[in-house]
Structure formats: C-alpha cells, structure tokens
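First the structure, in the form of structure tokens, and then the observations on it.
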Amino acid sequence: MLDMAPSKQAAAWLGSFAKALEAGDVAAAGNMFVDDCYWRDLLTFTWNVKTMEGREAIADMLRATLPTAKPAAWRLAGEATSDEGTIEAWFSFETAVATGQGVMRLRDGRCQTLFTAMTELKGFEERKGPARPLGVRHKADPERETWSEARARETRELGAGEQPYCLVIGGGQGGIMLGARLRQLGVPTIIIEKNARPGDSWRNRYRSLVLHDPVWYDHLPYIPFPENWPVFTPKDKMGDWLEMYTRVMELNYWVATKCLSASYDETEKVWTVVVDRVGRHITLKPKHIVFATGAYGPPRRIDLAGAETFKGELLHSSQYSSGEKFRGKRVAVIGAASSGHDVGVDLWESGAKVTMIQRSPTTVVKSDTLMEVGFEIFSENALARGITTEKADMIVASTPFALVPKGQRALYEVIKKRDAAFYDRLRAAGFAIDFGDDETGLLMKAYRTGSGYYIDVGASDLIIDGEIGVRSGLAIKSLTPTGILFEDGSELAADAIISCTGYQSMNETVAQIVSREVADKVGPCWGLGSGVKGDPGPWQGELRNMWKPTAQEALWFHGGNLALSRFYSKYVALQIKARMEGIATPVYGAPSNS
C-alpha cells in the first residue's frame with residue numbers, strides 16, 4: 001500500500017474505514033489509526049464540537065455514536081497530496097441526517113488526524129445556488145403580498161404575535177453572522193443590540209482603531225468583502241459594512257434593546273426573557289438563547305489602592321473613545337496588550353504625554369511579518385493557488401488543538417530570528433518581551449487566556465523612539481492624588497489613568513442576566529486547560545463552552561474574532577435548526593464545565 005500514489009493510498013484507507021464502520025467493527029476502525037491519533041468532529045458523529053485523542057477515545061466515541069450516525073457514502077474529494085511522508089486528503093460522506101466533509105492525514109498507511117464536519121442537514125438545506133428562492137409568483141393575484149409588505153409583516157409580528165425560536169443576545173459581528181446563518185436555515189430569530197445602530201460596537205471604539213487581521217481572514221458568510229476592500233479595515237468602515245449586512249440579509253435586528261432578565265422553564269423547555277426595547281419592556285419566549293456579547297464578558301477592573309484620592313480621571317478602556325480631551329495631559333495606560341497599545345497610540349496622536357505601565361511581558365509580532373508567515377493561507381497568493389477563505393477555514397479547523405502548539409512554536413522560531421533587531425530595540429527601550437510560557441506565541445495566548453499580546457501596527461516604534469514611555473516590572477503600590485506610586489518608591493505623575501486590563505469571561509454576562517447559579521453551572525468560556533496561569537482547566541481538547549451544548553440546556557455561547565465567528569456560526573446554527581425540526585441530537589461528551 002505504501003508504494004501507491006497518494007490518492008490511491010487515501011482511497012484505499014477510506015474504503016477500508018467505511019467498511020469497518022458499516023460493519024460496526026470498532027476494533028478494526030480503531031486499528032486504522034496510529035497510536036498518537038486525533039479525531040476532531042463538528043456535529044456529524046457527536047452532535048458536539050469534540051476531539052477524541054487516542055485510539056481508545058475514538059473507539060469509545062464510535063461505540064456510542066455509530067448506531068445513530070449511520071455513516072455512509074465516503075468519497076475522496078480531489079487529489080490527495082503528500083508532504084514529508086504525510087498524505088493529506090479531503091473527502092465527503094453522509095450520516096443518517098446530514099452530509100459532511102472532512103480531512104484525513106495518513107502516515108505509514110494509518111491515520112494520524114481525522115477531521116469531520118457537518119455540511120448540511122438532509123431535507124433542510126439552505127436555499128442557495130440552484131435551490132435559491134424564485135422571489136416572485138408569476139401569476140396575477142389581487143391578494144399579492146410584495147417583498148416589502150412581507151418583510152414589514154414579519155418585523156411587526158415577530159416578538160409580538162409570533163415568538164422567535166431563537167434569541168441572540170448581542171448584535172455585534174458574532175450575533176449578526178449567526179443571525180444570517182439562522183435566517184438562511186429558516187429559524188425565526190431576533191437579535192437584540194443595546195446600541196442605536198448595527199455596527200456601533202465598532203464605531204463606538206477609539207477613533208484610530210483599525211482591524212489588525214487582514215481582509216482575507218475577516219469575510220462574513222454569504223457576502224465577502226469586495227475586491228477593492230482595504231487589507232486592514234478601519235473601525236467605522238466595518239461598522240457601516242455590518243449595518244449594510246443586517247439589512248441585505250434581512251435580519252430581525254432590534255436596536256436600543258437591552259436584555260434585563262432570562263429564566264428557563266425545564267418542564268416547558270422555554271425561556272422567559274424580559275427586554276427593554278427603547279424604554280418599553282417586552283417579554284419574549286424563545287426556545288433557545290445565544291450569548292453573542294463579544295469574545296468576553298464585562299470589563300475586568302483592578303483594585304487600585306488610593307483610587308479614591310486620585311484627582312484625575314480614571315477610566316477602563318471600555319469607557320475610552322478618543323484622546324482629544326487629553327491633549328497636552330500626562331496619561332498613564334495600565335496594560336501592555338492590544339488595547340493598551342492602541343489606546344496609547346490614539347492618545348499620542350491626540351497630543352497627550354503617554355506612559356505605559358507594563359505589568360507582565362507581552363508577545364509582540366510585527367503586522368507585516370504575521371501577514372507573510374502567519375496568515376499565508378489567508379492571502380491573495382493563497383487565492384491564486386485555489387485556497388479560498390472557506391477552504392482555509394477547514395484547514396485551520398482540521399488541526400486538533402493539541403497539535404497547534406508544535407506548529408506555533410516553529411513559527412515563532414522563524415519570527416524571532418526574522419525580527420531579532422526589532423525585539424532588541426524594544427527591550428532596550430525597557431519593554432519586556434515574551435512568547436508565552438512554552439514559546440508558542442500570540443495565537444496560543446489568544447486561545448488560552450485572551451491576553452498578553454499585540455500585533456504591532458505602529459505603537460512599538462513609538463516605544464522604541466521614546467515617544468511612549470514604559471514602566472515595566474514595577475508593581476503599583478497605590479494611587480496618589482497626583483499619579484501612581486510604585487513598590488520601589490518611585491512615582492509617576494498623571495492627569496489621567498486608562499486601565500486596559502481586559503474583560504471577564506462571557507459566563508459573567510450570564511450571571512448578570514440569568515443567575516449566578518447558571519453562570520457557575522456552565523462555567524467559564526474560552527481556554528484550553530493548558531496549565532498556563534489564567535487558562536481554565538482541565539484539558540478537554542477544545543475551547544471551553546464555545547459553539548456547542550453547555551451544561552445549561554438551550555443556552556449557547558457564540559463569539560470570537562471575525563474568522564471564528566464566520567466559521568463556527570454555521571455549526572451553532574445547524575445545532576439549533578436540528579432541534580427546531582425535531583431531529584434527534586444525541587450529544588456525545590460532557591459539557592465543558594464537568
């Protein structure tokens with residue numbers, strides 16, 4: 001077998017695997033994997049976002065799921081490739097209720113990693129392409145209802161005479177993308193947003209903010225950015241795009257609406273949600289609620305001794321919008337991650353004298369470096385090679401989280417050598433650099449703790465040139481009436497202090513809206529359980545609570561950057577659609593908090 005061409009080897013493996021599954025021979029299927037193997041599944045077998053690590057875990061999953069999944073029709077999709085002894089092949093397949101696709105990686109004739117993901121629910125496919133709606137009934141009819149009349153009726157009745165099946169709490173990028181997915185699947189959904197307009201979650205941020213990720217990584221589902229869109233999107237331009245998107249995708253989007261409370265009836269299987277819509281209290285009865293309130297929860301504020309004595313202005317970064325009023329003033333920025341750098345630049349551009357208080361080392365990566373070596377599959381060059389955003393998403397998702405650190409460690413060895421002079425200059429300016437506890441860099445920090453990193457889009461040069469001052473490695477003892485006193489006895493005069501200290505977990509928003517009990521029941525979101533400080537454990541091979549069933553029935557979390565929101569919104573929507581249609585969804589694997 002090992003002498004055969006890659007596609008023949010892949011086809012032979014897939015055929016044998018299909019026969020073993022069809023026969024229910026779990027032992028035979030398990031023997032087709034190497035000892036150190038992984039199977040990551042998005043819904044097809046597990047109705048979960050779940051990674052099985054090792055043959056025994058794979059066998060346990062198959063024994064539990066094969067009778068209901070009934071996988072069949074396994075076929076290679078395209079030609080397999082070979083790289084340093086590893087054969088990679090893409091394939092399609094079906095289960096009893098869905099179609100799926102996946103990626104296998106073989107080594108020495110056995111599977112090292114297998115990725116399976118649901119594509120569509122049979123009988124409930126999205127109406128697109130050849131199946132798109134006609135849009136008109138070609139017949140004279142005095143009772144005709146036009147598109148605009150139908151939309152007005154839907155907008156008027158949903159939430160009044162008709163209850164939404166799903167309520168999405170939070171109308172930023174995550175809520176909007178999920179709303180679009182649910183709309184395409186025919187799930188009656190209302191998205192509620194506290195701001196006055198769609199896109200305000202971007203517009204209301206500090207004046208100079210521009211997305212740090214490139215356009216190829218940031219597309220929304222169904223409507224990609226046009227070809228003349230800038231590589232890095234300014235915040236207000238992104239806000240306008242999101243507002244346009246909500247209209248074009250016909251989302252039922254309630255602005256100026258705040259969720260006041262929510263409770264779940266375990267017997268009736270329905271939520272009672274009270275919202276304030278432009279001053280009017282409305283009670284909604286959705287079957288499911290999704291918290292899409294951003295990647296994180298409420299602001300994390302740190303206790304600063306002597307804060308009550310400080311005579312200047314003390315803000316959290318969530319309250320900061322512009323440096324204009326700080327022109328000519330001395331401003332201390334507590335925090336040296338993304339928000340600290342962005343706020344520092346905005347203050348400097350506004351004419352403030354800025355000092356950054358760095359409490360722990362930061363992972364810094366130059367934007368152009370990351371573009372060239374970190375976003376290689378999300379680029380114009382990748383498109384030219386046939387790697388679309390959708391294919392790149394699948395490539396990323398097909399790598400088990402347990403194997404991501406190895407690749408990131410190798411990437412940052414390249415980055416450290418490439419930009420060694422840059423890092424030397426930053427250190428010489430008094431700025432502390434690290435690349436994570438295990439040298440895995442920015443991405444693993446983002447997954448594990450969501451903190452401690454910055455993609456350099458200009459702030460680092462200001463630090464190197466002394467335009468932004470740095471106080472690093474000094475603990476704050478207290479605030480004084482005129483500034484900050486450090487543990488070593490030194491002081492920093494400040495007219496204002498901006499605290500860029502991040503945000504709490506998304507389940508803290510649940511505590512505010514539902515209850516402390518339910519928030520503790522579902523547990524924290526994000527984190528991999530790596531053992532790194534601030535990363536909630538134990539290790540489960542997936543991000544905690546995100547995009548999958550939680551310990552609280554009918555409560556979901558959705559969020560992340562534009563790319564994560566784009567990709568995983570599909571799987572949240574499929575799970576909710578299946579439940580609406582009465583499709584059996586036996587979940588394999590305990591919720592993240594167990």
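Aromatic ring centres of Phe17 and Trp74: separated by under 6.0 Å. Taking the six-membered ring wherever Trp is involved, the centroid distance between the rings of Tyr588 and Phe45 does not fall below 6.0 Å. Aromatic pair Trp547/Tyr568: centroids less than 6.0 angstrom apart. Taking the six-membered ring for Trp and the full ring otherwise, the centers of Tyr165 and His288 sit less than 6.0 Å from each other.
More than 12 non-hydrogen atoms from other residues, nucleotides or ligands lie less than 6.0 angstrom from NZ of Lys269. At most 12 heavy atoms of other shown residues, nucleotides or ligands fall within 6.0 angstrom of atom CD in Glu56. When the shell of 6.0 Å around CD of Glu581 is examined, it contains more than 12 heavy atoms from other residues, nucleotides or ligands. Within 6.0 Å of NZ on Lys19 lie no more than 12 heavy atoms contributed by other residues, nucleotides or ligands.
With Tyr571 as the aromatic partner, Lys548 does not meet the cation-pi criteria of under 6.0 angstrom to the ring centre and within 45 degrees of the ring axis. Figure legend: Lys391 and Trp90 shown as a cation-pi pair, the cationic atom lying under 6.0 angstrom from the six-membered ring centre and within 45 degrees of its axis. By the 6.0 Å and 45° rule, Arg181 stacks over the aromatic ring of Tyr222.
The backbone N or O of Tyr453 lies less than 3.5 Å from no partner atom in the side chain of Lys445, so there is not a single donor-acceptor pair. At least one donor-acceptor pair closer than 3.5 Å links the side chain of Thr363 to the backbone N or O of Asp434.
Thr46 and Asp41 are linked by a side-chain donor-acceptor pair at a separation below 3.5 angstrom, with hydrogens and angles left out of the test.
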Walk me through it: do Cys259 and Val273 pass the test side-chain contact (heavy atoms from CB on, under 4.5 Å)?
CA-CA 7 Å; Cys259 189; Val273 183; 3.6 Å; yes
Does the side-chain hydrogen bond (donor to acceptor under 3.5 Å, both in side chains) test come out yes or no for Gln101 and Ser92, once each step is laid out?
CA-CA 4 Å; Gln101 59 181 324; Ser92 62; over 6 Å; no
Passes side-chain hydrogen bond (donor to acceptor under 3.5 Å, both in side chains), Asp342 versus Ser339? Steps please.
CA-CA 5 Å; Asp342 287 345; Ser339 292; over 6 Å; no
